[in-house]
Amino acid sequence: IICMPPPNVTARAHLGHASTYTPMDVLTRFHRMLGNNADWLPGVDHAAIATEAVLVRELRREGVRREDLGRERFVERAWDWSRTYGGAIEAQFRRLGFGPDWRRLRFTMDDRLSAAVRRVFVQLYREGLVYRGTRLINWDPTAKSTVSDAELDHVERDGTLWRIRYPFEGGGPAAGLEVATTRPETMLGDVAVAVHPADPRYSSLIGRRLRLPPLMERVIPIIADDAVDPEFGTGAVKVTPAHDPVDYEIGVRHALPMPSVIGFDARISDADVPVGPYAGLDRSEARARIIEDLRALDLLVAEDPHRHSVALSERSGDIVEPLLSLQWFVKAAPLAAPALEAYRSGRLRFVPERNGRTYEQWLENIRDWNVSRQIWWGHQLPVWYTPDGTEIVAESETEAYEIAQRTYGTRELTRDSDTLDTWFSSGLWPFSILGWPDETPELACWYPSQVLITAGEIIFLWVARMVMLGIHFMKEIPFHDVVITPLVFDAAGRKMSKSLGNVIDPIDLADRYGADAFRISILRQMRLDSQEMRYHESRCAEARNFNNKIWNATRYMLALPSGLPPAMTLPREGELTLADRWILTRYRETIERMGKLLRDYDFGSAAETMWRFVWYEFCDWYLEASKAEGNHDSRAAVLSYVWNGTMRLLHPIAPFITEEVWLALPHDGETIVTANWPDPLEVPAFASDARHFEALQRTVERVRNVRSELGLHPRDRVVVDAPADVPDEMTALLGLLAQAAIERAPASGRTVEEALAAVGVRAPRELLAERYRKEAEQLRSEIDRGERKLGNEAFVAKAAPAVVAKERQKLENYRGELARVETALAQLKETA
RNA sequence: GGGCGAUUAGCUCAGCUGGGAGAGCGCCUCCCUUACAAGGAGGAAGUCGCAGGUUCGAGCCCUGCAUCGCCCACCA
């Protein structure tokens with residue numbers, strides 16, 4: 001069971017989807033063919049912020065604001081939009097051959113999934129794991145909503161570090177404490193200046209008071225706190241608890257007041273403290289004005305360029321404003337502990353392993369999760385307030401009214417207008433899609449799933465939260481293996497982005513090269529341990545050629561005069577040719593290897609394995625060998641047997657062409673989708689015959705090499721002297737594959753390999769002499785290397801005996817070969 | 001600032017627990033041979049980032065450095 005990470009309803013298929021979803025499809029198809037009850041459960045995410053942004057943009061074009069429309073109509077419109085465009089990604093996934101269980105498609109906003117969301121929220125609230133409180137949150141002024149820590153991008157920017165003098169209370173402007181800041185506009189909300197307790201420069205000043213510029217209306221203390229780095233700036237830091245995370249912590253530690261001076265509109269606000277003429281100014285205008293005024297007051301000491309990191313909202317790209325706000329939070333630590341334990345105990349496993357450490361680190365330092373969002377599209381908080389502001393958390397309005405009536409004696413309730421963070425509902429995905437909280441059969445059978453495949457960037461946003469909530473509500477981790485796929489970059493190694501114009505559209509590639517070609521291309525470029533992948537479109541064309549090769553090979557087989565017999569019966573062992581035995585052996589090895597690779601999630605190697613087997617072994621060697629004399633009787637059966645199975649091995653990777661070919665071959669069943677995965681134990685293997693065939697391949701290559709040096713036309717035969725102890729079966733293959741005319745020579749070897757090595761090619765004396773000289777030279781250098789190595793007493797004494805023996809064997813072989821080459825060379829001279 | 005990863009042929013990448021440097025693409029030569037020119041055959045091409053160390057032996061292990069990348073982080 002694999003739960004599909006729900007793509008955003010706003011999304012269009014991109015390479016990132018392809019690199020994570022193709023492996024899921026491969027695994028599901030593989031396990032289905034193995035006879036497992038494999039299912040891939042699809043779904044779509046309502047993508048609150050993204051969808052809302054799309055709608056707001058649409059409305060703006062119509063000259064309407066969200067507020068003009070009203071919540072109800074806006075949400076209706078979001079539903080319409082989701083229904084109209086939400087299917088697009090499904091159609092695209094189908095186009096790419098993804099075969100999840102489409103009948104089970106779920107949407108995070110479905111009634112049942114929404115009910116699950118309410119149940120979880122209410123239960124967590126009643127357990128004290130959801131609470132409402134005023135905390136420092138990340139405010140996105142563009143989206144006009146909070147965003148979670150995990151949804152921030154920290155970007156290095158060039159800014160300015162201003163040094164400002166805060167005068168001592170009662171003193172003149174010249175005497176004071178200098179602080180350094182990159183955000184002077186927040187100083188209106190300063191409540192203290194902090195120094196490090198052990199900083200000798202300032203220890204005598206602790207407890208003294210400063211007049212707060214530029215208004216000079218408030219007086220603030222100098223305090224000591226460990227969070228201050230004496231090395232940075234002046235070693236004195238202004239403390240603005242309402243607008244900075246560190247300052248907030250300091251404020252909490254010292255019980256300082258926390259006045260807000262920047263509002264939700266990112267403008268200076270006088271709600272809590274006087275802000276003088278700056279009230280209503282935008283944050284950047286306010287900054288400029290305050291700098292100007294400080295300069296006029298002679299309190300601006302220095303202005304230095306400073307590179308620092310700025311927090312941007314992932315969604316809007318706007319600079320996030322830390323603000324104090326009354327919001328809803330999930331208490332994370334109690335949920336994180338069992339999620340950590342699951343990883344440390346090995347029940348939850350990451351592939352590649354290093355991603356586990358990322359997960360671990362985040363959970364160790366987890367902070368409470370702000371889950372309330374000030375947008376309309378999403379799951380509205382199941383929270384109501386009585387007229388005096390008492391909160392009532394209930395699964396339904398009816399229940400809320402009951403509680404209100406019973407407990408507070410009122411029927412007057414207002415519902416909280418906030419919605420939940422999108423990741424709250426996706427955090428329930430592995431069980432909410434199975435019908436939870438109802439005790440459905442699906443839930444009983446399919447939870448937990450086995451593997452989650454996703455991108456590394458959402459380990460925190462999604463993976464960790466699914467584990468936390470899964471353990472909490474289901475008492476069990478939601479999946480055992482987490483496979484993190486590489487990030488896809490363009491061929492030059494750049495991130496794909498619309499602004500760079502380097503985005504590759506998988507649908508476009510599928511249209512031009514075929515969906516199978518696209519799938520193969522992306523799988524082949526995946527590396528198990530790699531965190532990135534550079535996508536080359538040329539791989540698509542190569543894969544298209546690969547498919548074409550399959551197609552043509554199939555045509556050859558279907559056109560055999562004998563026709564193809566049923567796939568499941570092989571000739572008796574005695575009737576198998578050398579080539580048959582070799583390809584069967586290789587086929588069996590390939591089945592074994594594919595099983596292992598797919599179980600290990602090594603999709604790149606799996607694709608590569610099939611590529612090599614199909615093209616470089618089956619087509620290049622076996623098909624060609626099958627045309628040789630003496631190979632005709634058994635070939636149709638072996639071709640039918642091996643090719644049928646090869647299509648099944650390839651099916652998870654390339655579902656379309658394998659179905660088409662498989663149906664054209666003798667087959668058993670209606671569709672390859674439900675055909676059996678080949679069983680390696682049923683395939684006969686012939687290790688020593690396979691080695692002999694491989695020795696023959698080397699001989700063929702050697703003859704071809706000479707042919708090429710002779711500049712022979714492909715149709716011209718080259719004469720070859722084959723020792724009498726080279727079997728007829730082999731000389732027939734040699735004749736065909738190397739386009740050679742065979743002459744028999746006296747027997748010369750003890751083994752087939754040696755006999756093959758003694759196969760001589762007739763060619764002009766100079767050319768042969770040159771070849772022999774080169775070969776001899778090569779052999780002598782190898783012999784020299786071996787002799788030196790074995791002459792090294794330390795090596796013989798200390799190296800593993802097997803290594804030494806192997807070295808001796810090699811040396812002996814080289815000496816034998818050299819002797820043969822030298823003899824041949826001498827004979828050449830004699831006949832001259 | 002911390003953590004992680006990468007650096008091998010022009011390009012993209014393999015090289016399993018240390019024991020004779022590999023593949024594909026590209027390039028060069030020949031070939032429209034009766035499955036396939038979206039193809040076949042052959043070939044050239046690498047001081048394995050740099051410097052030390054461990055070892056009989058290092059692309060692989062250790063240390064340092066350089067370059068590139070990813071993630072995390074509260075240097076105002």
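Per chain, numbering begins at 1; letters A, B, ... match sequence-line order. Quantities reported herein were computed from a predicted structural model and do not represent experimental measurements.
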- Looking at A38(B), does its base get a donor-acceptor pair with the side chain of Arg544(A) below 3.5 Å?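 Answer yes: a donor N or O sits under 3.5 Å from an acceptor.
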
- Message: Between A41(B) and Glu624(A), counting only base atoms on the nucleotide and side-chain atoms on the residue, is there a donor-acceptor pair under 3.5 Å?
- Response: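 No pair found.
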
- Base-pairing mate for A21(B) - Watson-Crick or G-U, with both contacts under 3.5 Å: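 Partner of A21(B): none found under 3.5 Å.
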
- Phosphate-side-chain proximity, Lys549(A) and G40(B), N/O vs OP1/OP2 below 4.0 Å: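 For Lys549(A), the contact criterion (side-chain N or O under 4.0 Å from OP1 or OP2 of G40(B)) is met.
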
- Message: Just N and O in the side chain of Asn545(A): are any of them under 4.0 Å from OP1 or OP2 of G39(B)?
- Response: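 The answer is yes; a side-chain N or O of Asn545(A) sits under 4.0 Å from OP1 or OP2.
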
Sugar-phosphate only, base, or nothing, as touched by [X] at under 4.0 Å among non-hydrogen atoms:
X         : answer
Arg612(A) : sugar-phosphate
Leu558(A) : nothing
Tyr248(A) : nothing
Trp615(A) : sugar-phosphate
His243(A) : nothing
Ser538(A) : nothing
Ala800(A) : base
Tyr616(A) : sugar-phosphate

- Message: What is the separation between atom CG on Leu734(A) and atom C1' on A41(B), rounded to the nearest whole Å?
- Response: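 Distance, rounded to whole Å: 15 Å.
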
- Query: For His243(A) and Glu321(A), what are the C-alpha separation, side-chain angles and deciding distance, and is it a side-chain contact (heavy atoms from CB on, under 4.5 Å)?
  - Reply: CA-CA 7 Å; His243(A) 298 290; Glu321(A) 194 61 49; 4.3 Å; yes

- Query: Gln361(A) and Asn365(A): side-chain donor and acceptor closer than 3.5 Å?
  - Reply: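 The criterion, which ignores hydrogens and geometry beyond distance, is not satisfied for Asn365(A) and Gln361(A).
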
- Query: If each of Val796(A) and Glu542(A) is mapped to the nucleotide of RNA chain B with the nearest heavy atom, which maps nearer the 5' terminus, i.e. the 5' end?
  - Reply: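 Of the two residues, Glu542(A) wins.
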
- Shortest side-chain distance from Arg527(A), nucleotide among G42(B), C13(B), C75(B):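 Among the listed nucleotides, the one closest to the side chain of Arg527(A) is C13(B).
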
- Query: Does Thr181(A) reach the side chain of Leu161(A), with side-chain heavy atoms less than 4.5 Å apart?
  - Reply: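 A side-chain contact under 4.5 Å is absent here.
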
- Note on the structure: Whether each nucleotide of nucleotides 26-31 of chain B has a protein heavy atom under 4.0 Å at its base (B), only at its sugar-phosphate (S) or at neither (-) is summarised, 5' to 3', as -----S

